[in-house]
Structure formats: structure tokens, C-alpha cells
Amino acid sequence: MDYVIEMLNITKDFPGIRANDNVTLQVKKGEIHALLGENGAGKSTLMSILFGLYQPDSGVIKIKGQEVKITDPNVANEYKIGMVHQHFKLVHNFSVTENIILGLEPKKTFGRVDITYAAKKVQDLSNKYSLKVNPYDLIHDISVGMQQRVEILKMLYRDAEILIFDEPTAVLTPQEIDELMEIMRNFVNEGKSIIIITHKLKEIKKVADRCTVLRKGKYIDTVDVKNTSEEELARLMVGRDVIFKVDKAPFKPGKMVLEINNLKRTDKVNLSKSLDVEHLELREGEILGLAGIEGNGQTEFIQVLTGLKELESGEILFLGQDISNLSIREKSALGIAHIPEDRHKHGLILDFTLEDNIALQEYYKSPFSNNGILDRGYMKQYAKDIIKRFDVRSGKGELTLTRSMSGGNQQKAIVGREVARNPKLLIAVQPTRGLDVGAIEFIHSELIKARDEGRAVLLVSLELDELLNLSDQIAVMYEGKIVGSLSSEDADENKIGLLMSGGNNVGK
Amino acid sequence: MENKHKSARERFIHYFSDESNRRKLAPYISILFGLLAGLILMLLIGQDPIKGYINILNGSIFKGLFEGNFRRLGGTLAIATVLTFTGLSVAFAFKTGLFNIGVGGQMLFGGFIVVLLGNVLTLPKPVHLLVIVLAAAIGGALWALVPGILKARYRISEVVTTIMMNYVAMWTVSYFVRRWIPGHYETESSMIKESASLKFELLTDLFSGSAINLSIILAGLVVVFIWYILEKTTFGYELKAVGFNPDASKYAGMKVNRNILYSMIISGAIAGLAGASYYAGYTNHVKLGVVPNFGFDGIAVALLGLNSPFGVVLSALLFGVLRTGGEYLNAMTSIPKELVDIIVGLIIYFAAATLLIQFMLTKLIKKMKKNDEKHIEEKVVE
């Protein structure tokens, strides 16, 4: 009965959806409590309620047995609740210290900010918890992992006792993840309590004591992590058995499809996104995984490859032909399909119907159109076929505005459009980001199918599990360079993680 | 679902649960609100609103209609024709992602070319008409070309450039009219030749000598043509795609800049045709020192017509009725014609607030649904 936090029977409605339906969460003092659920299960809503960003429609919040009303984040601060958001809330041209003290600035005479005092306090805190940061560094000069530490220090500076982490590992390398877990354990030893929001089972097994599972807004169960297997957790989260390993035929590479030599591009704004790819190759029937921490040039590399950005110099050979100077349309017509990273920005025209979006890459040629006149009958039939074949669910079939569809179904429509073109090279950039387990399984099986049919697949992903599971070969990109390439048998999380962080600066 | 047995209430909920249906209703509500507000306003200034609205309708349509005098209706149609062109010009730009508020200037410049060629050329009527109509479209397109290039090449907002081009048009036209085709009055050009007039005897006679002219047929053709382009051709598909999402259009291999330029040119060409319709069909000369109001009215027409070519026709008719009816109202009663301006303004206001109206409707539907759920739950409990 020693709960620091109790959220009892919380219900929260949003227009058209019940985000939390009678959810209960009880966190003991000094434990790491995981909140597990798929995207859209209501984890973030529940935590936003605890942090005072939303008010529950019904239900009670108790802190140390006292019923409280948390009307805004300031109130949450008073109750010593702190939160590290998934997308950091930092001012980029401010220093580490300035960010940490924002809103609580220590003052000297005439209201001047006492930055030296603050910096010293920050330094003390970071020493105490071995969160290495330089208090005077500017945020835009430090790595994402560092920025996360700044967010953590922000909570500590405010003496938070209850720490909420929203998907904290999404932006970290495996080594950084280990460090974070170590830090979390330190906090717990100090008597603080932690809630970690995640959908990664491994991390829960590694660090959490207990785990509360949500599914579609509903409370499912709270379990002891020690006595629960990963499979069991997955089943609780999804509501059915989940297959972790994908079956694929033995690796039988064919002709060379893509060969890249000395590709260069300078990014004037952000040098770490400049590209310098010496060599990369990909054959028929092969999935080449491209690993790397977000923002190390993967996005730019794919954009140069597909033609969205121009390259400075270098050679891109597609089936022996240099395509580096071809337009996007010409590349696509040669048989290069592209599942883009940002499905709203590049993948779809959200105000078009599904029918129009499915024709997006081929509308200009027969049989979609003849002499510039669209064949609406064919487009409709084709869209219907894709919808059926790829199980795209929507309110009004091919006439649905894609804006109104769920992310998973939008992605399925894009995957369907690109795969159904029977491309020779399929470029898939983070094809499963933000999707639920069912959609992920489906998209993985489509990628494998494309490979088994003899297509070349270039898979860019931030999820190591995904890469290790699907790829035949894994190349790692760091600051715009390919810093290593491993076959899937040789690759493991550690080796890749080391390469992802630059290879030699993980001095532990 | 058993559609037949649904109550009116259920059908109402079902119909407006669909967002596109809510969207379609919004213009009618804004018209209703605008007219209601006009009614209240007439009451406030101590006038009889029923008399007022009857006079508007009489002045724009019914006066003499039953005695076979179609003059009023013809005049309304002539104005509605011009508004159809300007409304379509704005709507086309909207649909392709551009906000062309320089329709007035493009119309004026197109119209200036028309009046110029209508003065200086001597040609048989069919040829002369063909020449001025083409010239009007080219003139309007030219005037839109500058903002088009600035937008496509340098991403300079067309909102600023098109409206500034209005002033450039106004004084450029004034200068050249005074030099080349000055009229009887300081503020006018000279009249175009009969062979360049879009007035067509058969049509004029049919409508008892009103201002209706051949451009009404042209307007019909252009409306269908634009609808066809937008809905049925790959060209229109590209224009709309670029308008909605330039990034995704680039991803799909479209030439984004070129399409922006085309959109602007076509929008300008339609605006130029409005110039032909007005200056060669209605006034037969150009007035100096003013940008025609039709440009801004076109924005309202497009808004109210939900940017659909056929919607534009309907809303142009409504605005035509109000504009011509207003003149009559002014003459027949002591209600000032500015009242019509206010009503028009209010309708635009409500149309601009269609989002709000849709939002209110969304809430209403949700409330009704919730009530129904409650009823069901209560029944279950019982």
C-alpha cells in the first residue's frame, strides 16, 4: 500500500475517440514502472494527465495517498513530478544552464540572472548522477543523447521525485541506452520513482520492476516484469500472439542492381549531414539495411539517391547505367520505387482521395491515362485492387480522403503503391515508424516478399531489431559516411551500435 | 442498414456525419445568415424588410418577366457572367494552391487590350470577336505571369505581388488609354466598334434589349472546360497535386515550378476573359483610375462556391441578383443601395466563417449522437 502515485479509473475523451477508458496506474515508491502499449494505446495521454497537460473526464489522482488536482504542469512541478518528453522541449540557441533554469532563474540584484551560480548547481547535479554535460554548451552544438541529459537535469534541478520518461530510447544508440538505464537505476537507489513509457519489450525486461499494459485506451494488466516473458508482454500489448522472427528464404544474391561510388554532397547548414559515401552496393534478392542514429545523413543520402536533392559529385549505377543526373521521374520509370521517410510530407497528398494517391507515381502513363486524359474507371479499379491486396482500411474505400485515414493504413497504401509497381529497386525509409505491431508485421512480410521475388531492397531504419531481422547486409552510416558494413550473420547489436556512434568514442 | 425505417433525425445525423456533406451545407447557411442579418438591419433603420427583398428580386429578375419583358433577368445574367469568370479565376487558383487576389487587375488589363483592339482594328464581326476574346485571355495571362514567375522561381508570395499588380494595371491602363484611345470624358476610353461588341442581336432582342451578351455562352464553355481539366486530365491532376502538396508532387516526379506558373497563367487568362465579358459586352469602354470590383467579388464568389466550377456559377448568380437588385432597390424605395453592399459583405463574412459553421455543425451532430447513446444505455438499464 505504499504507492507514491495512484491514478484511479481515469477516463479521457477526445473528439471521436476515448483515449483512456477507466485506466488505473499505481506506482510504488522507489520502483521503475513501465507503461507498455502500442501507438494509440493511450500511454502518452495518461502521462499528460499526470503532468497536468490534460484534465481527466473522470477518475482520481492520488499522490502519497492524498487526492490532488493537477491543473497544469506548474502544479505537477510542485508535487515533484518531472517529465522528459519524447520530443525535447529545449531552446536551441540557449546554453545548457539557461535551458535548465528556464522559469526558475536565480536572481542577483536588479533582476539579473545569476548564471554562474546556476551553472555551478548544474555542474554539481551532473557530477552527482554522472550525467556528463558542460553547463555552458549551446543546445544545438550537443548530441541528442546529451540533450536528453539536459532534460533529465531539468527535472533534477526542480527536485523531482517522480520522473516520467516518454519513449526515452528512441533517439539513442544501444550504448547510450545502457548508460541511460544505469542512470535510471541510480535514481531509484536514491529513492526516486520512475515511470517509463515504451513499446520496446527488451528495455522493460532490462530495467523495469513492474509493468502496466494498456491496449486501445483500456487497462489490461499490471505484471511483475521478473516473472513475465517477452512473449507474454507482447501478447498482453497486442492481444494475440506475436511472431518475432520473420521467415525468409536463404540469401541468393543475383545481378548487381545498385552501385554507388564516391558520392559527395556538402550541406552548408549542418555539416554532419554532408555526404561522403565511398562505396555501397546492392544486388537482386538482397535487403541492404542502412543503420545509423537519426540525423547522420541517411535522409539526405536517400534524397540524393532518389533525386529529391542534387548531388555534387559521384556515381550512382543502376543496373550498370549511371543515373546520377536523371530526374526523379526518369529514375522512377527505370524501376526505382521509394517508400519515403515522411509519409505526410512526401508520401501522400493528404487532400486527395485514396484513388488519386494510389495513382501518384503512374498517373501519367497508360493505362492510368491516355493522351493526358485520366482513365478514371481504371484508376478506381486499380485502387480497389491495391486496397484489397494490401488490406488498406478506410471509411469510404477508394474515395476516402487520405487525411482521414490512420497512419498504419496510410503507410499500407504507400507500400502497396510502391510494391505493386514491381520495382527492381525498392527503397524503404523507416517504413514502420509509428505503426502498430500488426501493420509492422505486414510491412515486414511485404519487404521480405519483394526480396524473395528477386528485387533489391534498401531499408533505412532507426530500429536495430528491424534491421537485424530483415537485412542480409547491414551498412552503418555515421556523419554522412559509411563507417562499416556487416553481413547479417556477423552483425549484432553491439557491433552495429559501436559503429553508429562513430566507432571509437565509446570509451567504456 | 435499413435506410427506409430511419427517422428524419437519424437521417440528419447520418448525412452530416460525413464531413464533405457538412462542407456542402455551409454556403447555404452563410447565405441564410447574411439575408437574415440584412433583414434585421432594415428593421433597425425603420424599413420594411419584406418590401426590400421583394424589390431586390423584382429589380433583378421578376419586373416585367410575366409580361414577356426579360430585360431585368438579362441584366442580372450579364453581371453574373462577369462574376462567373472572376470567381472561376480565383477558384482555379485556389484549387491549385494559389491565392490570386489580383483578378481585378488582370481583368482590367485584359479588358484594356480588348478595348484597344476593339477601337483600332477593322475586321468582320466573327473574326474581330475571336481576336478580342483571345487577346483578353492573353492580356490577363500576361498580367498574372509576373507574379507567377516570382512565385515559381523565388517563392515570393503571390498574395502580395498580385494585389500590387492591380495598381500597376490601373495606372498603366490610364496612361495608354489617354494616349491612344481617349474618350469624350477625361475618365473614359472611347467606345469600341460595333464589330468588336459581344452584344448579339438575337440575344439582346430575346432579353428585351438588356446587357446580356455572347460571353454568357463563353462562360458556360469555360466552366465546363476548367472542370474537365481539373477532374479528368493528368494536367489538372498535377496542378491540384502541386497545389495541395508541392513536396509530395516533387517526390512523384512532377515539375513543381512549371505547374505553379501554369496555374497562375490560366487563372490570369480566365480573369482576362472577365475583362472581355465586361468591357466588350457590358460597358464597351474602359473607366480610368479604378480597378473593377469584380476582382474582389470573385473571391467571395469562389469562397461561397466552395471553389468548384459549378458552385461558382451558382454563387455568381446569387451575387448577380443582389448587385442588380440593389440598384433597383435604391431607385424604388428609400432603402439605400449600400444595404446590398452590407448584405453581400455579411454573406462573405459568413462564408469566410464557414469553418466555424462546419465546426458548430460537427458539435451539434456529436451532441445528438451522444444523446442517442444515452437513450440507448438508459433503455438497456431499464
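By convention in this document, chain letters (A, B, ...) are assigned in the order of the sequence lines, proteins followed by strands, and residues within each chain are numbered from 1.
Among A:Ser327, A:Ser332, A:Pro340, the residue with the largest count of heavy-atom pairs under 4.5 Å with chain B is A:Pro340. Ranking A:Asn371, A:Asp375, A:Asp356 against chain B, the residue ahead of the rest is A:Asp356, based on heavy-atom pairs under 4.5 Å. Interface remark: of the candidates A:Ala333, A:Gly307, A:Gly347, A:Gly372, A:Gly372 forms the most heavy-atom pairs closer than 4.5 Å to chain B.
B:Lys255 does not touch chain A: none of its heavy atoms, backbone or side chain, sits under 4.5 Å away. Using a 4.5 Å cut-off between heavy atoms, A:Asp342 makes no contact with chain B at all. For A:Lys396, the part lying under 4.5 angstrom from a heavy atom of chain B is the side chain only. Heavy atoms closer than 4.5 Å to chain B are found in both the backbone and the side chain of A:Ala359. Both the backbone and the side chain of A:His338 come within less than 4.5 Å of a heavy atom of chain B. At a 4.5 Å heavy-atom cutoff, the contact between A:Arg417 and chain B is made by side-chain atoms alone.
In this model, no donor atom of one side chain and acceptor atom of the other lie less than 3.5 Å apart for A:Thr353 and A:Glu398. When only modelled atom types and interatomic distance are considered, A:Asn357 and A:Thr402 share a side-chain donor-acceptor pair under 3.5 Å.
For the side-chain hydrogen bond (donor to acceptor under 3.5 Å, both in side chains) test, no residue two or more places apart in sequence or in another chain qualifies with A:Ser369.
Between A:Phe352 and B:Tyr237, the ring planes are tilted. Angles from 30° to 60° get that label.
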Handout entry: Worked check of side-chain contact (heavy atoms from CB on, under 4.5 Å) between A:Ile328 and B:Tyr251
Key = CA-CA 7 Å; A:Ile328 299 171; B:Tyr251 154 85; 6.0 Å; no

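Residue A:Arg455 is tested with A:Asn422, A:Val419, A:Leu425 for a side-chain contact (heavy atoms from CB on, under 4.5 Å); the sole match is A:Asn422.
Going from atom CG of A:Leu360 over to atom OG of B:Ser249 covers 7.0 Å, rounded to the nearest 0.5 Å.
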